[in-house]
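A short write-up of the structure that comes next.
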Amino acid sequence: MNDNAHATSRVDMCSLITLAKHHHDNGNLSVVEDNNEIPFKIRRVYYLYDIPGGEERGGHSHRECYTLLVAVSGSFTVVLDDGIERREVLLNRSNVGLLVVPGVWRVLNNFSSGSVCLSVASHLYSEDDYVRDYDQFLQLTKCKRNEKV
Ligand code: TYD
């Protein structure tokens, strides 16, 4: 299993990507497609919806999978953690995605009522790609903290 991403990932590798937006009087349309703006080949799309108030999602990192998260409706916060630094990003625009690189722990919270999180991923679903245990995540990112000392 490749754990290299955990050794090298940084929160500042996670960036906001503005998606194409076609504005019309009868509504807007945005596109996520394989082009130079998305730095991975799109293999999977899934979405979170009907999220009860106060609930959290995520709470894991990936070994290889890149993800683009979009608040296609409503808003939520993404807490990013690379084992050294934490950053909170508010997603509240239907045409802005947050690129989350492998090796970065993410928690999604503060979902507004009726919000929908679209997730575009570089890999097919594989439980083996997940790190769900925070202590294991700290272990995998330990070398970065050692470098800082
Ligand atoms: P998970 O990725 O833990 O959700 P989140 O990060 O949003 O909290 O997925 C929850 C469950 O859904 C997981 O146990 C298996 C299933 N699942 C799939 O079957 N396929 C998928 O592509 C995803 C993302 C999840």
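Counting starts at 1 for both ligands and their atoms, following the listed order.
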Tell me, please: is R132 in heavy-atom contact with ligand 1, that is, under 4.0 Å? yes
When you check the side-chain N and O atoms of E64 and Y66, is any donor under 3.5 Å from an acceptor? no
Mark up the atoms of ligand 1 that fall under 4.0 Å of a heavy atom belonging to Y46, in ascending order. 24 (C)
Do L118 and Y46 land in one hydrophobic cluster if side-chain heavy atoms of ILVMFWY residues count as linked below 4.5 Å? no
Through direct or indirect side-chain contacts below 4.5 angstrom among Ile, Leu, Val, Met, Phe, Trp and Tyr, which residues connect to V31? L29
Residue and atom name of the nearest protein heavy atom (relative to atom 2 (O) of ligand 1), distance in Å to one decimal: Y130 OH, 2.6 Å
Other members of the hydrophobic cluster containing V107, with the 4.5 Å side-chain heavy-atom rule, please. V79, W105, V131, Y134, F137, L138, L140
To check your reading of the model: name the closest protein heavy atom to atom 22 (O) of ligand 1, its residue, and the distance in Å. R44 NH1, 2.4 Å
Just need the protein heavy atom nearest to atom 13 (C) of ligand 1, so name the residue and atom and give the distance. Y125 OH, 3.8 Å
Is it the case that S94 and K21 place a side-chain donor and acceptor less than 3.5 Å from each other? no
Could you tell me which atoms of ligand 1, counted from 1 in the order shown, lie closer than 4.0 angstrom to a heavy atom of L48? 7 (O)
Would you verify that at least one protein heavy atom lies under 4.0 Å from atom 11 (C) of ligand 1, or report that none does? no
To which protein heavy atom is atom 4 (O) of ligand 1 closest, and what is the distance rounded to 0.1 Å? R57 NH2, 3.3 Å
Looking only at protein heavy atoms, what sits closest to atom 6 (O) of ligand 1 is H60 NE2, 2.7 Å
Heavy-atom count check: over 12 atoms from other residues, nucleotides or ligands less than 6.0 Å from Y49 OH? no
Does any donor atom in the side chain of T67 or H62 lie under 3.5 Å from an acceptor atom in the other side chain? no
